[in-house]
Every structure is written in structure tokens, then in C-alpha cells.
Amino acid sequence: MKHFRSIITALTVGILSALILPYNHFYSLRIPVPPKVLNFLSITQHKTTPDIFQQPTQQNQHQQQQQHHLYATEMSTPRNIRKAFLAVEQSEGAGARVRRSIGTANLRNFSPFLMLDHFSIDPGAGFPDHPHRGQETITYLLEGATDHEDFAGNRGTLYPGDLQFMTAGRGIVHAEMPHDTGDGKPNVGLQLWVDLPEKLKSCEPRYRDLRASEIPSVEVDGGKAIIKVISGQSHGVDSVKDLAYTPVWIFDVILRPGAKVIQPVPQGWNTFSYVLEGNAWFRQRESLKKVEQYHNVVFEQGGDVIHVESDRNAEQNTRLVIIAGTPLDQQVVQHGPFVLSSKAGVYQALYDYQTFSNGFERARNWESEIGKPMRQ
């Protein structure tokens, strides 16, 4: 088996060396990795957003900024929309369906964000054992229940409204599978991949779970809108801190018919909004732009606030997330679940994973319990 893995490793590195070109492109490769990786297996290299004038990359800077609350004023300027596009549904993993917006041809190079999936996983499907290195994943469960387990012995279950912040760091192998609730309904949620600052890519992996009951919320516009402050600050309310290394603000916003929310975001941060339910109206300049369900809205960096409203004649509530993050001025070379800052780093990640070394030692002879049904 060792000899076989060595041969595979050598072939893999050789193929990558022949295929990687010095410009953005995607390649489908056959290497012995789990189904989730195979469906997202690609290599891309880019330099992150160049027009950055504010570069906070440390968590303590994030916390210091939270101590100085941002508020909307009469002088606040709404951010204009750069683009809005539909997240098209596609297959992913073993039997899952996702609407991917970030990480597609419509939106790349949007540091620090690498991928956003709006997923739906039926019982019997899921994401069995697979590796990560060099990034953080944030999973927000909206419906159902999801089990997770990794090679370090961490395991647990997410329920509606719960989140998990997973820092892959130098390496982790884990599984994410639907928890049997007995009703046969799919698990629905969001998973966001966030890049790690270069100096933290080799940190030890860790988890931070955030239960729905721990998330503070605030009512605005006379109670017509509710904002769950998952990460960051809104209208004087702070989130639970110490969740992710890369500073990211996340808000789950529910607008009743005719509601209005003006959410400040830090200057220079990249910001987007994804519409989960209903239709949202975003103010830019002197007009409102309608954005429909399952669309991602990407904003320009100029401006202080995100101004969003719902139609007063709407027959249902509008629900959306607003997410902002500090750009990282660094190279990104991504090969599926491995996100490094150079092609050499990608080669090393593949080698380490194949040889159970440099962070992947515990992957040797490890198989998750929750992934067993899909291996039979």
C-alpha cells in the first residue's frame, strides 16, 4: 500500500507540474481523493483584490474595531451594486445539490471569500471523508440536522440556526453527513469558504460552534426587520467573538413587507448579499434595484452602508444574508480543498495528504463513523 501511494503521489505531482499554467484556468484531474474533492477539483491562481486601502488581518484588530460601533447617519452613503447574478443549482459531493455563487465564473478573486454554497442534502447523500488545508469554512444550517466528525476525534451535530466555524490550518480530514431526523426532508444551509492570512495557513486546526440560542439579534425599523448578528456588529449589538481568524461580518436579515434596514460595513471590506427568500430591493444612488431569490449581490467598495428594503405589498417575508470580510493582499493558489499561496504549497499539500505527513498524520487508517454508510 505504501508503494502504491508513492506511485500515485509521484504521478499526481507530475501531472500537476505539466498542467498548471501561469494564468487563471481550471483543470479536471483524476487523483485518489474523496467525492466532494473530485467535484470541486480545480487549480486556480490569482492575486487578490489590488485596490485595498485597509488591511486588518488579525483577530485582535477585528475585536478592536468592534469596540467602536458603526452607525448609519444622514451622511452615510449606500454602496452601489457591482453585479447581481443567479446562483445556478448543480450537483456536488455524493448526491448533494448546491447553488454556488462565489467560486464560479461569475465571481472569483473576491478576497477573502473563496466559495459560497447554498446546499440541499437529502438523506443518504452528503460529504464523506475529505481533506482541507489553508482556509476556514463557515457552515450555517437553516433546516434539518447535520453531523460532522474529524480525524482528531471532534464530532457533533448542527441543528437549525447553528453554525460551525472550522479552521483547517495545516490540515484536517473530516466528514459532513445528514443527521437522521426521521422526516426524510433535506438539510438546507449555507457554507462559506474564507481564505486564511498567509501567516496562519500552518496553524493547528480548530472548531468553533455557535448555537442558535447564543446568537444575539436586534429589531429595527419599528420591529419590521430582525437582524441576527452572527458575526460583527449591528445597531449597537455585538456578536459572539473569537469565531474566525479572518475578520468576517455575517448578518441574517428578515424583512417583513415594507421593512428597511441600513447596515453599516467597515470601509474597504468586500461585501455581498445572498437572497434566501422573497425579493430584496437595494438602494444605489437615487434608485432601488430589485434582486430576486437565489441571487448574489456584489457591492462596490465605496460607501458606508448596505441599504435594503422589502416591497410593502409583498405576500411573504424577505430573508437574506449580508456578509463582509477584510481583503487579504496575498496570492491565492487553490486546488479543490487546498488553498495555499504558491504552486509549491499546493504540491506540498498533495504530497502531505498522500503520505500522512505535516498535519495529515492522523489520517492514516482513519475512517469516519458517519461516513460508513456511503462506503458500503
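Start at 1 with the first residue, then count along the sequence.
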Q: Is the charged tip of Arg133 near the ring of Phe360: under 6.0 Å from the six-membered ring centre and within 45° of its axis?
A: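 Not satisfied by the 6.0 Å and 45° rule.
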Q: Identify the residue among His132, Glu149, His148 that makes a side-chain hydrogen bond (donor to acceptor under 3.5 Å, both in side chains) with His174.
A: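 So, applying the side-chain hydrogen bond (donor to acceptor under 3.5 Å, both in side chains) to His174 and each of His132, Glu149, His148, only His132 qualifies.
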Q: Donor-acceptor pair, distance only, cut-off 3.5 Å: does the side chain of Ser310 make one with the backbone of Gly258?
A: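 A pair under 3.5 Å: yes.
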Q: For a 4.5 angstrom cut-off between non-hydrogen side-chain atoms, does Asp162 reach Asp209?
A: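 Sidechains of Asp209 and Asp162: no contact.
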Q: Just wondering, do Asp252 and Arg319 contact through their side chains at under 4.5 Å, heavy atoms?
A: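 Arg319 vs Asp252: side chains touch.
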Q: To the nearest 0.5 angstrom, please state how far the CH2 atom of Trp366 sits from the CG atom of Asp150.
A: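 Atom-to-atom, Trp366:CH2 and Asp150:CG are 6.5 Å apart.
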Q: Would you say the side-chain atoms of Thr73 pair up with the backbone N or O of Met75, donor to acceptor, closer than 3.5 Å?
A: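 Indeed, once roles are kept as given, a pair shorter than 3.5 Å links the two residues.
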Q: Are Leu210 and Ile226 connected in the hydrophobic side-chain network, where two residues link if heavy atoms are under 4.5 Å apart?
A: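 No, Leu210 does not connect to Ile226 through the hydrophobic network.
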Q: Quick test of your reading of the model: are Lys185 and Glu143 salt-bridged, counting only N-O distances below 4.0 Å?
A: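 No salt bridge links Lys185 with Glu143.
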Q: What pair of heavy atoms forms the shortest contact from Gly302 to Arg79, and how long is it?
A: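 The pair with the smallest heavy-atom distance is O-CG, 3.2 Å.
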Q: Do other residues, nucleotides or ligands put more than 12 heavy atoms under 6.0 Å from the NZ atom of Lys224?
A: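 For Lys224, atom NZ is crowded (more than 12 foreign heavy atoms under 6.0 Å).
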Q: Within a reach of under 6.0 Å around CZ of Arg312, are more than 12 heavy atoms found that belong to other residues, nucleotides or ligands?
A: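 No, not enclosed.
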Q: For the residue pair Val308 and Gln263, establish whether any side-chain heavy-atom pair is separated by less than 4.5 Å.
A: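 Sidechains of Gln263 and Val308: no contact.
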Q: Are Leu192 and Val88 connected, step by step, through hydrophobic side chains (Ile, Leu, Val, Met, Phe, Trp, Tyr) whose heavy atoms are closer than 4.5 Å?
A: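 In one cluster: yes.
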Q: Using every non-hydrogen atom in the two residues, find where Glu136 and Thr246 come nearest and quote the distance to one decimal.
A: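 For Glu136 versus Thr246, the nearest heavy atoms are OE1-N, 3.2 Å.
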Q: Would you find a donor on one side and an acceptor on the other, under 3.5 Å apart, between the side chain of Glu277 and the backbone of Asn317?
A: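 Not a single qualifying donor-acceptor pair exists.
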Q: Start with the C-alpha gap between Leu107 and Arg82, add the side-chain angles, then the distance that decides, and say whether side-chain contact (heavy atoms from CB on, under 4.5 Å) holds.
A: CA-CA 11 Å; Leu107 186 57; Arg82 192 175 97 192; 3.6 Å; yes
Q: For a quick check under 3.5 Å, do Gln331 and Ser341 share a side-chain donor-acceptor pair by atom type?
A: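 The answer is no; no qualifying pair exists.
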Q: Distance check, rounded to the nearest 0.5 Å: Thr139 atom OG1 versus Tyr207 atom OH?
A: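 Going from OG1 on Thr139 over to OH on Tyr207, the span is 9.5 Å.
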Q: Listing request: all ring-ring contact (aromatic ring centres under 6.0 Å, His included) pairs with a residue in residues 212-241, at least two apart in sequence or in separate chains.
A: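 Passing the test, one end in residues 212-241: no pairs.
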Q: Taking the side chain as every heavy atom from C-beta outward, state whether Asp311 and Asn279 have any atom pair closer than 4.5 Å.
A: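 No. Closest side-chain heavy atoms not under 4.5 Å.
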Q: Group every Ile, Leu, Val, Met, Phe, Trp and Tyr by side-chain heavy-atom contacts under 4.5 Å, then state whether Leu70 and Val229 land in the same group.
A: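 Yes, one cluster joins them.
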Q: Please determine whether the number of non-hydrogen atoms from other residues, nucleotides or ligands lying under 6.0 Å from atom CG of Asp183 exceeds 12.
A: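 Above 12, so yes.
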Q: For Gly359, is there any backbone N or O sitting under 3.5 Å from a side-chain donor or acceptor partner on Glu361?
A: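 Looks like yes, one N/O pair under 3.5 Å.
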Q: Just how far is it from atom NZ of Lys372 to atom CD of Glu367, taken to the nearest 0.5 Å?
A: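 It comes to 7.5 Å.
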Q: Should Lys201 and Glu198 be marked as a salt bridge (Lys or Arg N to Asp or Glu O under 4.0 Å) after you check the CA-CA gap, both sets of side-chain angles, and the distance that decides it?
A: CA-CA 5 Å; Lys201 285 186 178 290; Glu198 171 63 24; 5.5 Å; no
Q: Counting C-beta onward and ignoring hydrogens, is there a side-chain heavy-atom pair between Ser120 and Val98 closer than 4.5 Å?
A: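 In short, these two side chains do not touch, never coming nearer than 4.5 Å.
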Q: Determine whether Val261 and Asp221 make a side-chain contact, defined as any pair of heavy atoms from C-beta on separated by less than 4.5 Å.
A: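 The answer is no; the side chains never approach within 4.5 Å.
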Q: If you take all heavy atoms of Leu243 and Ile230, which pair is closest and at what distance?
A: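 The answer is CD1-O, 3.9 Å.
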Q: Does any part of the side chain of Ile323, heavy atoms only, come nearer than 4.5 Å to the side chain of Tyr274, both counted from C-beta?
A: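 They are not in contact (no side-chain heavy atoms under 4.5 Å apart), so the answer is no.
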Q: Hey, can you tell me if His130 and Phe127 have their rings parallel, tilted or perpendicular (30° and 60° cut-offs)?
A: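 Perpendicular.
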Q: Phe272 and ring pair (Phe, Tyr, Trp, His ring centres under 6.0 Å): which single residue from Phe113, Phe282, Phe251 fits?
A: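 The residue from Phe113, Phe282, Phe251 that satisfies ring pair (Phe, Tyr, Trp, His ring centres under 6.0 Å) with Phe272 turns out to be Phe113.
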Q: Side-chain heavy atoms under 4.5 angstrom apart, residues restricted to Ile, Leu, Val, Met, Phe, Trp, Tyr: same cluster for Ile306 and Val218?
A: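 They do share one cluster, since a chain of ILVMFWY contacts under 4.5 Å joins Ile306 to Val218.
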Q: Kindly work out whether a path of hydrophobic side-chain contacts (I/L/V/M/F/W/Y, heavy atoms less than 4.5 Å apart) joins Ile81 to Ile262.
A: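 Different clusters: Ile81 never reaches Ile262 through Ile, Leu, Val, Met, Phe, Trp or Tyr contacts under 4.5 Å.
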Q: Kindly assign one of parallel, tilted or perpendicular to the pair Trp269 and Trp249, based on the angle between their ring planes and the thresholds 30° and 60°.
A: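 Perpendicular, since the angle between the ring planes exceeds 60°.
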Q: Counting only N and O atoms by type, is there a donor-acceptor contact under 3.5 Å from the side chain of Thr318 to the main-chain atoms of Gly278?
A: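 Checked: no pair found.
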Q: Who pairs with Arg208 by salt bridge (Lys or Arg N to Asp or Glu O under 4.0 Å), at least two apart in sequence or on another chain?
A: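 Testing Arg208 for salt bridge (Lys or Arg N to Asp or Glu O under 4.0 Å), a comparison that skips the adjacent residues, returns Asp242.
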Q: So, taking the atom named OG1 in Thr146 and the one named NE2 in His179, what distance separates them when rounded to the nearest 0.5 Å?
A: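 Reported value, rounded in 0.5 Å steps: 9.5 Å.
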Q: For Pro205 and Arg170, work out which heavy atoms get closest and say how close.
A: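 Distance-wise, the nearest heavy atoms are CD-CG, 4.3 Å.
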Q: Restricting to non-hydrogen atoms, name the atom on Asp195 and the atom on Leu328 that form the minimum distance, rounded to 0.1 Å.
A: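 Shortest heavy-atom contact: O-CD1, 3.7 Å.
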Q: Is it the case that the side chain of Ser273 and the backbone of Val297 share a donor-acceptor pair, with hydrogens and angles ignored and the cut-off at 3.5 Å?
A: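 No, the answer is negative, given that no donor and acceptor are paired below the 3.5 Å cut-off.
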Q: Using the rule side chain to side chain contact (heavy atoms under 4.5 Å, CB included), only one of Val188, Leu190, Leu320, Ile254 pairs with Leu276; which is it?
A: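 So, applying the side chain to side chain contact (heavy atoms under 4.5 Å, CB included) to Leu276 and each of Val188, Leu190, Leu320, Ile254, only Leu190 qualifies.
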Q: When rounded to the nearest 0.5 angstrom, what is the spacing between CD1 in Ile138 and CH2 in Trp193?
A: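 Between Ile138 CD1 and Trp193 CH2, I get 13.0 Å after rounding to 0.5 Å.
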Q: Search all heavy atoms of Asp304 against all heavy atoms of Ser76 and return the closest pair with its distance.
A: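 In this case the closest contact between Asp304 and Ser76 is OD2-CA, 3.5 Å.
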Q: I need the Met177 CE to Thr157 OG1 distance, nearest 0.5 Å.
A: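 It comes to 12.5 Å.
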Q: Glu176 versus Asn187: any side-chain heavy-atom pair under 4.5 Å?
A: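 Heavy-atom side-chain distance check fails, nothing below 4.5 Å.
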Q: Ignoring hydrogens and geometry, is there a side-chain-to-backbone donor-acceptor pair from Arg256 to Gly223 under 3.5 Å?
A: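 Between the backbone of Gly223 and the side chain of Arg256 there is a qualifying donor-acceptor contact (under 3.5 Å).
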Q: Would you check if the side chain of Thr77 reaches a backbone N or O of Gly303 as a donor-acceptor pair within less than 3.5 Å?
A: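 No; zero donor-acceptor contacts below 3.5 Å.
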